Amino acid sequence: PSQGIDHRQWNAPQKPFRIYGNTWYVGPYGLSSILLDTGQGLALFDGALPESAAQIEAHIRELGFRVRDVKWILNSHAHSDHAGGIVALQAASGAQVLASAAGKRELELGGADRSDPQYGSAPQYTPLKNVHVVRDGEILQLGHVAVTAHYTPGHTPGSTSWTWESCAGRRCLHMAYVDSLSAISADSYRFTDHPDYVAAFRKTFATVTALPCDILLTPHPDASDFWGKVAQRKSSTDVAPLVDPQACRDYAAGAAKNLDARLTEEQASKR
């Protein structure tokens with residue numbers, strides 16, 4: 001969503017930091033960009049806004065990593081606030097961009113995908129080239145890390161969530177970077193006109209509910225109260241406030257309620 005949002009707030013500076021183990025936060029304050037150190041190259045989830053790329057690159061370097069060691073850039077969904085920075089990050093790193101089949105289409109259209117509920121209201125961006133398609137359920141191995149792709153369509157047709165394990169000492173936790181689940185659209189789009197899309201959206205809630213999920217991360221940090229949890233940490237290694245095995249279930253349940261409310265509202269406005 002970008003209607004009425006102050007992009008400067010989204011792109012506000014944020015010091016990069018370790019979330020847990022080999023997983024780091026390198027995005028601006030309002031938009032997640034997650035760095036994963038696999039031991040044989042880096043994986044980066046999302047590139048935020050076009051104007052966020054320079055900040056993300058600076059954060060990667062600030063943590064002692066090299067931008068050119070980013071081997072993969074994985075996308076949650078192909079809106080400008082999560083994909084807009086990818087073209088610059090791809091150019092700087094030479095990384096392979098990875099997305100779902102529908103995500104690839106929208107990335108290569110620079111966000112101008114007519115099947116996206118927000119088509120016509122979401123800002124467009126520089127189209128990407130050579131996006132690699134990851135299948136639903138595909139497990140990607142880089143270094144000592146396995147990342148699983150989960151198709152979670154709804155917010156966009158190509159929405160994808162990603163899971164992996166991060167360890168610190170002997171304790172390994174399930175990390176879930178779960179895409180936006182909000183039913184937001186351009187004014188002309190009605191979800192009730194697209195029953196198959198709504199059915200896919202509902203299936204997404206079941207998928208997210210079942211994810212291995214100790215720490216939930218979302219493209220908009222505030223969607224999962226990320227900063228509220230971070231503020232409760234007693235030290236940079238205190239992971240307890242971030243751990244909530246119910247988080248994915250609660251996130252999906254909240255989104256299901258919101259979709260129901262949207263459908264009810266559409267039905268009422270038809271009368």
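Predicted model only: the values in this text are computed from it and were never measured.
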With distance as the sole test, does [X] use its side chain to make a donor-acceptor pair with the main-chain N or O of [Y] at under 3.5 Å?
X	Y	answer
Y20	V239	no
K229	S224	yes
Q90	I73	no
H174	P212	no
W72	L140	no
Y125	A78	yes
S33	D46	yes
S93	A95	yes
H77	P157	no
K71	L42	no

Does one side chain, of [X] or [Y], offer a donor that lies under 3.5 Å from an acceptor on the other?
X	Y	value
T152	S159	no
H220	D81	yes
T192	E266	yes
T23	S166	yes
S100	R135	no
W10	S52	no
D116	H79	yes
S235	T237	yes
T207	T204	no
T38	H144	no

Nearest 0.5 Å, what's the [atom1]-[atom2] distance between [X] and [Y]?
X	Y	atom1	atom2	answer
C213	M175	SG	CE	9.5 Å
I184	H155	CD1	NE2	5.5 Å
F45	W164	CZ	CH2	4.0 Å

Using the ring centroid of each side chain, check whether [X] and [Y] are separated by less than 6.0 Å.
X	Y	value
Y29	W227	yes
Y25	F226	yes
W24	F65	yes

Check: Just wondering, do L216 and V178 contact through their side chains at under 4.5 Å, heavy atoms?
Finding: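 Sidechains of L216 and V178: in contact.
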
Notebook entry, point to check: Taking C-beta and beyond as the side chain, do N11 and Q55 meet within less than 4.5 Å on heavy atoms?
Noted result: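 Touching, per the 4.5 Å side-chain cut-off.
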
Note to self: More than 12 heavy atoms of other residues, nucleotides or ligands under 6.0 Å from CZ of R68: yes or no?
What the structure shows: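 No, CZ of R68 has 12 or fewer neighbouring heavy atoms, counting only those of other groups under 6.0 Å.
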
Next item on the list: Examine I215 and L36 and state if one hydrophobic cluster contains both, with Ile, Leu, Val, Met, Phe, Trp and Tyr joined whenever side-chain heavy atoms are less than 4.5 Å apart.
Entry: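 Same hydrophobic cluster.
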
Notebook entry, point to check: Can you check salt bridge (charged side-chain N to carboxylate O under 4.0 Å, His left out) on D214 and R171, steps first, answer last?
Noted result: CA-CA 12 Å; D214 293 315; R171 188 183 185 194; over 6 Å; no

Check: Would D37 and R18 pass as an ion pair if we require N to O under 4.0 Å?
Finding: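 Looking at R18 together with D37, the answer is no, because their closest N to O distance does not fall below 4.0 Å.
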
